[in-house]
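Report on the following structure.
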Amino acid sequence: MTAVLKSDSPRTQKVQAGNPLFRRNIGIMAHIDAGKTTVTERVLYLAQKLHRMGEVHDGAATMDFLEEEQKRGITIQSAATTAEWNGHEINIIDTPGHVDFTAEVERSLRVLDGAVAVFDAKNGVEAQSETVWRQADRYKVPRICFINKMDKIGADFDRAVSTIRDRLGANPVPLQMPVGTEKDYAGFVDLIRMKYISWVDEGDGRDYYEQEIPAEHLEAAEAYRHDLLEAAAENDEELLDLFVDDAVIPEDMLLRALRKATCSLACTPVLAGSALKNKGVRFVLDAVLDLLPSPAEIADIQGVNPDTDEPVILKPTTESPVSAMAFKTVAEPTGDLTFVRVYSGVLEKGAKLLNPRTGKTERIGRLVRMHADKREACDAVPAGDIAAVIGLKNTVTGDTLCHQDHPICLVKMTFPDSVISMAVEPKENKDRDKLSEIIGRMMREDPTFRAQTNEETGQLVISGMGELHLEVVINRIERDYKCGVQTGRPKVAFKQRLSKNVETEARYIRQSGGSGQYAVAKVQFETRAGVEDSGFEFVDKIKGGNVPREYIPSVGAGLTEFFKSGGREGIPFVDCRATLVDGKSHDVDSSEMAFKAAGVLAFRQAAEGNTTLLEPFMKVEVTVPEDYLGAVVGDLNSRRGEVSEVDSQGDLRVVRSMVPIAEMFAYSSALRGATQGRGQYSMELAEYRDVPRGIAEKMMEEKS
């Protein structure tokens, strides 16, 4: 059999770019160290956007341009770029893999039409893989999978695919059958075209050899192909008839069925390769074009009219009124850099658009296309495209920008609450105002980074998603903004909820000459533990006008204020419904202020001696050699951890457990010491649980 050297794409016809049908908006997502940024680097090189490939381990990757990213060898913030492949424009967002920077993944997936999920061939699905997969599920983003590092010791394609099925509940469908593994990884069988593809030694990823399938691999390839056809046939009746009759199935029909199944989330195509060795990434690009949707093929844009709350639907075309979502903000001295996804119409330089959240108009000053930290000016951005605007005044992450005569508010993003906090203050008193300005900028950039001043101590307290998150923030303050700071030890962001249902009557009556303050509110409080996404709910059940209608929102405002502030302890509440059932008012002395104060008082009375403290529990995954398994499990148990599973990966063991974050501070140092530096771990927020009574009492004593 003669192997033919090729460098063209085997399927995709070259077409003229510009039409939204020939554009893709994709994200690269994965667990930390699975190879996302290396995949992106190879994509840019193959698309001739780069003339030299930078490596993450050298601190030279194009998409990791922050000094902190180059120093640590990880992605911290999402970076956007555009590449061309076979006449298509591909907008690419490289997202972080560390749980502390999950907000970057969240806001990227909100505006993308498709994603490439990268998995380590040895480890398969890891902790953060599950998090990003659930985020993509939430926004119904179609995905293809790339099993990376096939040449790594311990690589196992079938096992990696099975973890996608078992741990993610997905329907992975391999499009390739790898031939060889680890150092013997030689190529793959293309199951769509039934050809054997092998690599060019020391090649740059563009060229490959194609030949007939070797006889020794034919039987296995036909078994893989049968599974592929069966999965595709479930989504195409015409193909199903051919499959049942064992007839020849045309390549274009098979691709059409796979595309339909991928876009409807019925299946997830799987490919394999080694990005670092330039093997297989070009075929991922082909799959992106063949199987993921274009902006012209997404569903109609849904939102609400900000004035009437009525549903609004727009077509994702350039002829519709303009609508765009701001999904990322970078605070800069010359004006904020705001990344936007245009959903309908055309975003034009100089246009004045409405921000429904503020009710104000924003002028589109400068438009730029991004390539990591480089910018290219442009005059207009059509529907389906991604770009950035320089100089918006009052637009933040999640805001909609729309035509003033056709207002629409797009579905907003949701971000998790912060889980740890620390006090921070400037080393020099003269930098106090400067620090406040820097913190304000960073809060505009990062929706999961929060800061507030403790009213009792006057301390500035910053909060984030983990130790690494806050460490990066502090390093940026000191290095990028040249402001020296001192920090306190990180503290857990506890929450609390009412222990039992209770009814209170709050009487806020003040008389000091002249008109006084009078408000009586009877409120029933119910705990809503176990209700998904339950925060605070205010219900009005006033009958007979005992509380005038104009004062009822004030009661709700007072209850909400106490719920968020946490009262004297300053620990925010969760899971509560408050129902206003009765009350009294005075013709002269009642006011909105009095009823708001009554709401605060009612909640304070309900919480007196009736609260349960909650702490964040993390899903922790530790990978260690078997010799250290006992020490690691024992250490996790000593940290109030609950080990749920111990899995095998060759000569390594993977320990999965649930551990309170309060016990995980400085765990990386402890793990290094216990495993002689050979252990690795990752963790993500799983849920909040009750704090044991003894620990809660001790904590409250320290607080008082």
Side-chain angles (χ1 to χ4, degrees), residues 27-39 95-99 102 105 115-137 143-185 188 224 227-228 231 267-277 279-281 284 287 619-626 629 632 643-657 678-684 686:
I28 313 291
M29 64 183 201
H31 183 86
I32 190 170
D33 287 338
K36 300 176 309 302
T37 302
T38 302
V39 169
T95 63
H98 198 288
V99 65
T102 187
V105 185
V116 176
V118 181
F119 299 91
D120 185 309
K122 178 182 178 181
N123 301 325
V125 172
E126 299 174 86
Q128 184 65 3
S129 310
E130 295 184 53
T131 301
V132 297
W133 195 271
R134 285 197 300 270
Q135 289 171 310
D137 280 341
R143 277 142 275 174
I144 59 177
C145 297
F146 180 58
I147 308 298
N148 192 24
K149 305 186 181 183
M150 282 296 298
D151 53 356
K152 180 179 179 180
I153 294 175
D156 187 332
F157 177 79
D158 289 334
R159 182 187 175 282
V161 172
S162 69
T163 63
I164 295 172
R165 181 181 299 108
D166 298 339
R167 295 190 61 186
L168 301 178
N171 180 24
V173 178
L175 306 187
Q176 302 170 348
M177 183 193 82
V179 175
T181 188
E182 299 182 353
K183 64 182 177 57
D184 298 322
Y185 179 52
F188 65 88
Y224 269 90
D227 293 341
L228 169 64
C267 80
T268 307
V270 183
L271 300 94
S274 172
L276 187 63
K277 299 295 179 61
K279 296 177 179 179
V281 174
V284 175
K619 184 186 293 183
V620 179
E621 192 171 284
V622 187
T623 304
V624 294
E626 186 171 13
L629 179 62
V632 167
V643 175
S644 59
E645 181 183 6
V646 178
D647 198 4
S648 297
Q649 284 184 3
D651 59 347
L652 297 177
R653 296 294 178 265
V654 180
V655 183
R656 299 187 178 95
S657 62
R678 299 172 64 189
Q680 299 179 19
Y681 85 102
S682 61
M683 65 180 182
E684 62 170 318

Quiz item: Step by step, would you call K152 with Y185 a side-chain contact (heavy atoms from CB on, under 4.5 Å)?
Solution: CA-CA 9 Å; K152 180 179 179 180; Y185 179 52; over 6 Å; no
Quiz item: Which atom names give the shortest non-hydrogen contact between E182 and I153, and what distance separates them?
Solution: OE2-C, 3.7 Å
Practice problem: Decide yes or no for V39 and V284: does some side-chain heavy atom of the first lie under 4.5 Å from some side-chain heavy atom of the second? | Solution: no
Exercise. List the steps, then state whether side-chain contact (heavy atoms from CB on, under 4.5 Å) holds for V270 with F157.
Key: CA-CA 10 Å; V270 183; F157 177 79; 4.0 Å; yes
Practice problem: Please test R143 against M29 for side-chain contact (heavy atoms from CB on, under 4.5 Å), starting from the C-alpha separation and ending with a verdict. | Solution: CA-CA 10 Å; R143 277 142 275 174; M29 64 183 201; 3.6 Å; yes
Exercise. Side-chain contact test, heavy atoms from C-beta onward, threshold under 4.5 Å: evaluate it for R653 versus S648 and give yes or no.
Key: yes
Self-check item: E621/R167 under salt bridge (charged side-chain N to carboxylate O under 4.0 Å, His left out): CA gap, chis, key distance, verdict
Solution: CA-CA 14 Å; E621 192 171 284; R167 295 190 61 186; 3.2 Å; yes
Practice problem: Determine, for D647 against R159, whether the closest basic-nitrogen to carboxylate-oxygen distance falls under 4.0 angstrom. | Solution: yes
Quiz item: CG/D137 to CD/E130 distance, rounded to the nearest 0.5 angstrom?
Solution: 11.5 Å
Self-check item: Spacing of CG belonging to L652 relative to NZ belonging to K122, to within rounding of 0.5 Å
Solution: 4.0 Å
Exercise. Would you please test V646 and L629 for side-chain contact (heavy atoms from CB on, under 4.5 Å) and show each step?
Key: CA-CA 9 Å; V646 178; L629 179 62; 4.0 Å; yes
Quiz item: With distance as the sole test, does N148 use its side chain to make a donor-acceptor pair with the main-chain N or O of V118 at under 3.5 Å?
Solution: no
Quiz item: With distance as the sole test, does T181 use its side chain to make a donor-acceptor pair with the main-chain N or O of A155 at under 3.5 Å?
Solution: yes
Self-check item: Closest contact, heavy atoms only, A231 versus V173
Solution: CB-CG2, 3.7 Å
Quiz prompt | Test: K279 and D151 ion pair at under 4.0 Å | solution = no
Quiz item: What closest approach, in Å, do V132 and A30 show between heavy atoms, and which atom pair accounts for it?
Solution: CG2-N, 4.4 Å
Exercise. Verify, without hydrogens or angle tests, whether E645 (side chain) and R656 (backbone) share a donor-acceptor contact under 3.5 angstrom.
Key: no
Exercise. Give the minimum heavy-atom separation between D120 and D33, together with the two atoms involved.
Key: OD2-O, 4.5 Å
Quiz item: Taking the side chain as C-beta and beyond, is there a heavy-atom pair between T268 and I164 under 4.5 Å?
Solution: no
Self-check item: Shortest non-hydrogen contact between V643 and V655, atoms and distance
Solution: CG1-CG1, 3.8 Å
Quiz item: Closest heavy-atom contact between F119 and G124?
Solution: CD2-O, 3.8 Å
Quiz item: side-chain contact (heavy atoms from CB on, under 4.5 Å) with D158: which residues, sequence neighbours excluded?
Solution: D156, Y224
Quiz item: Quick one: does T163's side chain have a donor or acceptor within less than 3.5 Å of a partner on V125's backbone?
Solution: yes
